[in-house]
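First comes the structure, then the notes that go with it.
Position 1 is the first residue of the sequence, and the numbers go up from there.
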Amino acid sequence: QEWQNPFATWDPRDFCNISEVVLPMDTYWSPPILILERVSGQNPELNYMVLMHNGSFNSTRPFQVTLTCSLMILKFPFDTQTCNLSIASFLYPVTDLVMRTRSTPAETMSNSQSFFLTDGEWKFTNLSIIEYTEWMDDKAFPVVTYMISMERRPTLYILNLILPTCALYLLDMAVLFGPSSLEEKINFQIAIILGSSMLAVILNNSLPTSSNKPPIIGTH
């Protein structure tokens with residue numbers, strides 16, 4: 001966060017060439033913001049800000065939060081999701097507080113990718129920023145929304161879900177149209193059904209469950 005306070009200025013030549021100081025967050029006014037999609041998280045312990053001699057404030061605080069996001073898993077595991085991260089301030093209307101992003105979407109995306117330490121299940125593909133006003137009680141409040149696009153990496157699900165399932169069904173078809181006797185076919189069909197049931201139980205925790213429609217691989 002960066003903001004300006006014209007009443008907090010000084011001449012560095014009058015104070016031993018000190019051009020900036022580090023102060024606690026409660027020393028001066030700071031913009032109160034919140035994340036609309038936030039469910040839970042940890043408040044930052046770094047509650048300090050830097051004050052420049054020209055009245056410019058700078059506050060960098062790391063947040064670790066859990067956000068809500070509506071997922072559409074119809075094309076699971078080859079799906080692409082878009083989640084929003086909205087930063088707003090509902091204490092001051094736009095006549096008193098205006099929020100703007102300092103970086104362009106391309107710069108923000110490049111900086112964000114540098115913080116990824118490991119390759120997880122999701123691949124960060126795109127980022128767009130929308131600045132708008134939200135009306136509440138006949139007042140307009142500033143909101144900045146980061147739209148984050150993510151693509152699921154399907155390799156794990158292909159190896160652990162799709163390939164074993166296809167192998168079971170191919171084996172089922174091979175036995176069904178094979179020269180075996182009816183009794184052997186029935187016994188083998190029961191074994192395949194039990195194997196499919198065990199595979200479904202094992203992979204139950206791996207499949208996403210929050211969606212209006214089931215994934216394609218789960219439909220009949």
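- Taking CD from Glu121 and CD from Glu151, the interatomic distance works out to 12.0 Å, rounded to the nearest 0.5 Å.
- Listed by chain and residue number, Phe57 satisfy the ring-ring contact (aromatic ring centres under 6.0 Å, His included) test with Tyr28 (two or more places apart in sequence, or in another chain).
- Ile35 approaches Leu85 most closely through the heavy-atom pair CG2-CG, 4.3 Å.
- More than 12 heavy atoms of other residues, nucleotides or ligands lie within 6.0 Å of CZ in Phe78, so this atom counts as buried by the packing criterion.
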May I have the list of side-chain donor-acceptor pairs in residues 86-99 shorter than 3.5 Å, sequence neighbours left out?
unit_1, atom_1, unit_2, atom_2, d
Ser86, OG, Glu37, OE2, 2.9
Ser86, OG, Thr145, OG1, 3.0
Ser89, OG, Pro32, O, 2.7
Tyr92, OH, Trp29, NE1, 3.1

Under the criterion side chain to side chain contact (heavy atoms under 4.5 Å, CB included), I'd like the reasoning laid out for Arg61 against Met25: C-alpha separation, chi angles, the key distance, then a yes or no. CA-CA 11 Å; Arg61 295 186 296 168; Met25 288 294 296; 4.1 Å; yes

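- By the rule that hydrophobic residues join a cluster once side-chain heavy atoms approach within less than 4.5 Å of another member, Ile33 and Ile130 end up as members of separate clusters.
- Take Ser128 and apply the side-chain contact (heavy atoms from CB on, under 4.5 Å) test, not counting sequence neighbours, and it matches Met147.
- For Leu159, the side-chain contact (heavy atoms from CB on, under 4.5 Å) partners are Thr155, Leu163, not counting sequence neighbours.
- Phe124 pairs by the ring-ring contact (aromatic ring centres under 6.0 Å, His included) definition with Phe116, not counting sequence neighbours.
- The CD atom of Glu134 lies 15.0 Å from the NZ atom of Lys139; values are rounded to the nearest 0.5 Å.
- Taking CG of Leu51 as the reference point, atom OG of Ser56 lies at 8.0 Å (rounded to 0.5 Å).
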Please output the side-chain donor-acceptor pairs of residues 8-17 that fall under 3.5 Å, not counting sequence neighbours, one pair per line with the distance.
unit_1, atom_1, unit_2, atom_2, d
Trp10, NE1, Ile18, O, 2.8
Asp11, OD1, Arg13, N, 3.2
Asp11, OD1, Arg13, NE, 3.3
Asp11, OD2, Arg13, NE, 3.4
Asp11, OD2, Arg13, NH2, 3.0

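- In this structure Asn58 satisfies the side chain to side chain donor-acceptor pair (under 3.5 Å) test together with Glu2, Thr60, sequence neighbours excluded.
- Linking Ile, Leu, Val, Met, Phe, Trp and Tyr residues whenever their side-chain heavy atoms come within less than 4.5 Å places Trp3 and Val21 in a single cluster.
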Working for side chain to side chain contact (heavy atoms under 4.5 Å, CB included), residues Asn54 and Met52: CA-CA 5 Å; Asn54 58 358; Met52 304 296 295; 3.2 Å; yes

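- Here the straight-line distance linking atom NZ of Lys123 with atom CZ of Arg152 works out to 15.0 Å at 0.5 Å rounding.
- Residues that satisfy the side chain to side chain donor-acceptor pair (under 3.5 Å) test with Thr101, not counting sequence neighbours, are Glu131.
- For Thr108, the side-chain contact (heavy atoms from CB on, under 4.5 Å) partners at least two apart in sequence or on another chain are Ser103, Ser112, Leu127, Ile129, Tyr146.
- Atom CG of Leu67 sits about 9.0 Å away from atom CZ of Arg38, to the nearest 0.5 Å.
- For the atom pair OG (Ser59) and CG (Leu23), the distance works out to 11.5 Å, reported to the nearest 0.5 Å.
- Judged by distance alone, the side chain of Thr125 and the main-chain N or O of Ser149 form a donor-acceptor pair under 3.5 Å.
- Linking ILVMFWY residues whenever their side-chain heavy atoms come closer than 4.5 Å, directly or via other members, places Val50 and Tyr48 in the same cluster.
- Residues passing the side chain to side chain donor-acceptor pair (under 3.5 Å) test with Gln81, sequence neighbours excluded: Asp79.
- Leu194 pairs by the side-chain contact (heavy atoms from CB on, under 4.5 Å) definition with Ile190, not counting sequence neighbours.
- The side chain to side chain donor-acceptor pair (under 3.5 Å) pairs that include a residue from residues 18-27 number zero, where partners must be two or more places apart or lie in different chains.
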